[in-house]
Peer 1: 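Pasting a structure below so you can have a look.
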Amino acid sequence: MPELPEVETVRRDLQAHLVGRTIESVSIGREDILRSTDCARLVAALTGHEVLSVGRLGKNLIVELSGDTVVLVNLGMTGQFFVCEACAEIDEHAHLVAELSDGMRLVFRDIRRFGHIELARAQSVGESFTLRNVGVDAMSDEFTAERLEEMLAGRSALLKNALLDQRRVAGLGNIYVCEALFRARISAVARCGELAPEEVQRLHRAIREVLRESIAAEGTTISDYVTGRGVPGSFQERLRVYGREGERCRRHGCTGTITRIVQSNRPTFHCPECQSSGGMNRGESY
DNA sequence: CGGACAACCTGGTTGC
DNA sequence: TGCAACCAGGTTGTCC
């Protein structure tokens, strides 16, 4: 579920509502969500410590605590990480609950448990399990059109797969890759190496634009995602292709129909009519 | 290198 | 109604 805009929304909420608070107590319901640590060590690292900052790299949250410790959180598909009133209801999917010095509560909840929490030393976060394979963040200044061009140059891989690969550009998931390709009018079946420089520029702009707009809307809620305050986002209303199979293409002047295909076992939504760039010379049009 | 696939999980939806 | 099959925003590892 959570891609860059959702994780950035959570980060902003936690930056506002967690930083400066001290964690007074922690209870962990399931040890299998922990990486590179165990209940006892995580409880010790959190209890009595102040939250100094909440950062993000790609889809990962980086919570810096007093005591030279960093807690890394990846939300997987259904993970939620939010601050709520201490009286709010807690169910069996809340795997970590921390009481805060201001009387609020921090909850990590994850139905499918694809998410995880890792404990790392502040000076070696880069070598952590969670961050060691993460590339340049899609919203950072280092992610330029030139950088994107380098990533794609000469490669035969499916463009969509390359954009989903967190080791290259970090933060995009299935929804925003579909949306960015649509906005850039690039074929959903294009290969990395066949994009013209101008198409790479367009793709770069489209990626930044869709991520920025979604962050402004506090992310996309399809089923489980909530912000760091526990409420849904609203960008689902503004998706142009994702989940819109069978609908008329929303591009002005295009009479195409949004189509769902499967690539690498994951659904791709696109308009075969107006997403044509990058796929012109492959003889795959019909 | 690239892609296909399984695995890790639960729960909602679909179809017989 | 019941139940099996299938589907889902992610990541990692294996195999070919």
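Order of the sequence lines sets the chain letters (A, B, ...), proteins ahead of strands, with each chain counted from 1. Please read all numbers here as calculations on a predicted model, not as lab measurements.
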Peer 1: Find which nucleotide of DNA chain C each of A/R260 and A/R132 is nearest to by heavy atoms, and output the residue with the more 5' nucleotide.
Peer 2: A/R260

Peer 1: With salt bridge (charged side-chain N to carboxylate O under 4.0 Å, His left out) as the rule and sequence neighbours excluded, what pairs involving residues 110-134 of chain A come up?
Peer 2: A/D32-A/R113

Peer 1: Flag the pair A/E85 / A/M104 as yes when at least one side-chain heavy-atom distance between them is below 4.5 Å, and no otherwise.
Peer 2: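 Yes, side chains in contact.
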
Peer 1: Stacking here means centres under 5.5 Å and planes under 30°; does A/F114 stack on C/dT11?
Peer 2: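 Given the distance and angle limits, no, they do not stack.
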
Peer 1: Among all residues two or more places apart in sequence or in another chain, which pass the side-chain hydrogen bond (donor to acceptor under 3.5 Å, both in side chains) test with A/R205?
Peer 2: none

Peer 1: For B/dC5 and C/dC7, measure between their P atoms and round to the nearest Å.
Peer 2: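 Each nucleotide's P atom is 13 Å from the other's.
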
Peer 1: What distance separates A/L14 CG from A/R56 CZ, expressed to the nearest 0.5 Å?
Peer 2: 13.0 Å

Peer 1: Touch check for A/T221, heavy atoms < 4.0 angstrom, all strands: base, sugar-phosphate only, or nothing?
Peer 2: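 Base, at least one base atom sits under 4.0 Å.
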
Peer 1: Will you find, in the side chains of A/Y225 and A/E3, an N or O donor that is under 3.5 Å from an N or O acceptor?
Peer 2: no

Peer 1: Identify whether any heavy atom of A/D110 sits under 4.0 Å from a base atom; if not, whether one sits that close to sugar-phosphate; answer base, sugar-phosphate or nothing.
Peer 2: nothing

Peer 1: Which word best sums up how the rings of A/F143 and A/H204 line up, parallel for under 30°, tilted for 30 to 60°, or perpendicular for over 60°?
Peer 2: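 Ring orientation of A/F143 relative to A/H204: tilted.
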
Peer 1: Would you say A/T130 and A/N60 are linked by a side-chain donor-acceptor pair, where the criterion is simply a distance under 3.5 Å?
Peer 2: no

Peer 1: Any protein N or O atoms within reach of nucleotides 14-16 of chain C? Criterion: under 3.5 Å, listing atom names and distances.
Peer 2:
none

Peer 1: Pick the nucleotide of DNA chain C nearest each of A/R112 and A/T130; which residue has the one closer to the 5' end?
Peer 2: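 Nearest-nucleotide comparison on DNA chain C picks A/R112.
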
Peer 1: Base, sugar-phosphate alone, or nothing: which one does A/N74 contact when heavy atoms must sit under 4.0 Å apart?
Peer 2: sugar-phosphate

Peer 1: Of A/H93 and A/N265, whose nearest nucleotide on DNA chain B comes first from the 5' end?
Peer 2: A/N265

Peer 1: Can you give the donor-acceptor pairs under 3.5 Å from side chains of residues 148-155 of chain A to other protein atoms, not counting sequence neighbours?
Peer 2:
unit_1, atom_1, unit_2, atom_2, d
A/R155, NH1, A/M151, O, 3.2

Peer 1: What residue pairs, at least two apart or across chains, pass salt bridge (charged side-chain N to carboxylate O under 4.0 Å, His left out) with a residue in residues 213-223 of chain A?
Peer 2: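 Qualifying pairs, neighbours excluded: A/R183-A/E213.
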
Peer 1: According to a strict under-4.0 Å criterion, is A/N161 in side-chain N/O contact with OP1 or OP2 of B/dG3?
Peer 2: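 Yes, A/N161 has a side-chain N/O under 4.0 Å of OP1/OP2 on B/dG3.
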
Peer 1: Stems in DNA chain B: runs of 3 or more consecutive Watson-Crick or G-U pairs, distances under 3.5 Å?
Peer 2: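 Correct response: B:2-8 with C:10-16, B:10-16 with C:2-8.
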
Peer 1: Say you pick atom P in C/dC3 and the same atom in B/dC8; how far apart are they, in whole Å?
Peer 2: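 Per the computed distance, 25 Å lies between those P atoms.
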
Peer 1: Below the 4.0 Å mark, does B/dT10 have OP1 or OP2 next to a side-chain nitrogen or oxygen of A/R113?
Peer 2: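 Yes, A/R113 has a side-chain N/O under 4.0 Å of OP1/OP2 on B/dT10.
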
Peer 1: Could you tell me how far B/dT10 sits from C/dT1 if I compare only their P atoms? Round to whole Å.
Peer 2: 25 Å

Peer 1: Can you tell me if the side-chain N/O atoms of A/S264 get under 4.0 Å from OP1 or OP2 in B/dG3?
Peer 2: no

Peer 1: Contact class for A/L164 (heavy atom, under 4.0 Å): base, sugar-phosphate, or nothing?
Peer 2: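 The answer is nothing, as A/L164 stays clear of every strand by at least 4.0 Å.
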
